[in-house]
Amino acid sequence: MHHTSAARTPVALTRYFDEVVDRLAREGIDVAQVVLELSPSRPRCGEVITERGPVLRWREDLGWSNGIRSTSPAAHPGEVAGLLSHL
């Protein structure tokens, strides 16, 4: 899923977020909440909120961000997890 933006159906996007959450868990980062906004009239976006406080935000047109560093919208889950490894 994280290779093309054309595959961003709601189901594919949900699976991608599941992969990110799984990767964070393998890195020892517990996720408290995942929020996806799949409005057809705006860019799709989401948040991954961790138990220890940091938040990852995602927008299909801007990518992933932890507020300091960012990566592409279709980044590999390991790269996304790396955004939290230095906080």
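Here, residue 1 is the first one in the sequence, and each next residue gets the next number. Just the heavy atoms: all of them, side chains too, but no hydrogens, waters or symmetry mates, feed the values below.
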What do the steps show when you test L24 against V48 for side chain to side chain contact (heavy atoms under 4.5 Å, CB included), and what is the final call?
CA-CA 10 Å; L24 290 170; V48 176; 3.8 Å; yes
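Note that OG of S72 and CH2 of W64 are 10.5 Å apart. Values are rounded to the nearest 0.5 Å. Put simply, CG on L56 and CD1 on I49 are 10.0 Å apart, with the number rounded to the nearest 0.5 Å. One distance of note links CD of E47 with CG of L36; it measures 10.0 Å at 0.5 Å rounding. Atom CG of L83 sits about 7.5 Å away from atom OG of S70, to the nearest 0.5 Å.
When all heavy atoms of P10 and R44 are compared, the closest pair comes out as CD-NH2, 4.0 Å. Residues R52 and L84 share a closest heavy-atom pair of NH2-O, 3.4 Å. When all heavy atoms of P43 and R59 are compared, the closest pair comes out as CG-NH2, 3.7 Å.
Ion pairing of R23 with E19 is absent here, as no side-chain N (NZ or NE/NH1/NH2) approaches a carboxylate O to less than 4.0 Å.
Within the 4.5 Å cutoff, the side chain of Y16 has no heavy atoms near those of the V11 side chain. Side-chain contact between E37 and R42 is present, with at least one heavy-atom pair separated by less than 4.5 Å.
At distances below 3.5 Å, at least one donor-acceptor pair connects side-chain atoms of T50 with backbone N or O atoms of P54.
A continuous path of hydrophobic side-chain contacts links V21 to L38 [ILVMFWY only; heavy atoms under 4.5 Å].
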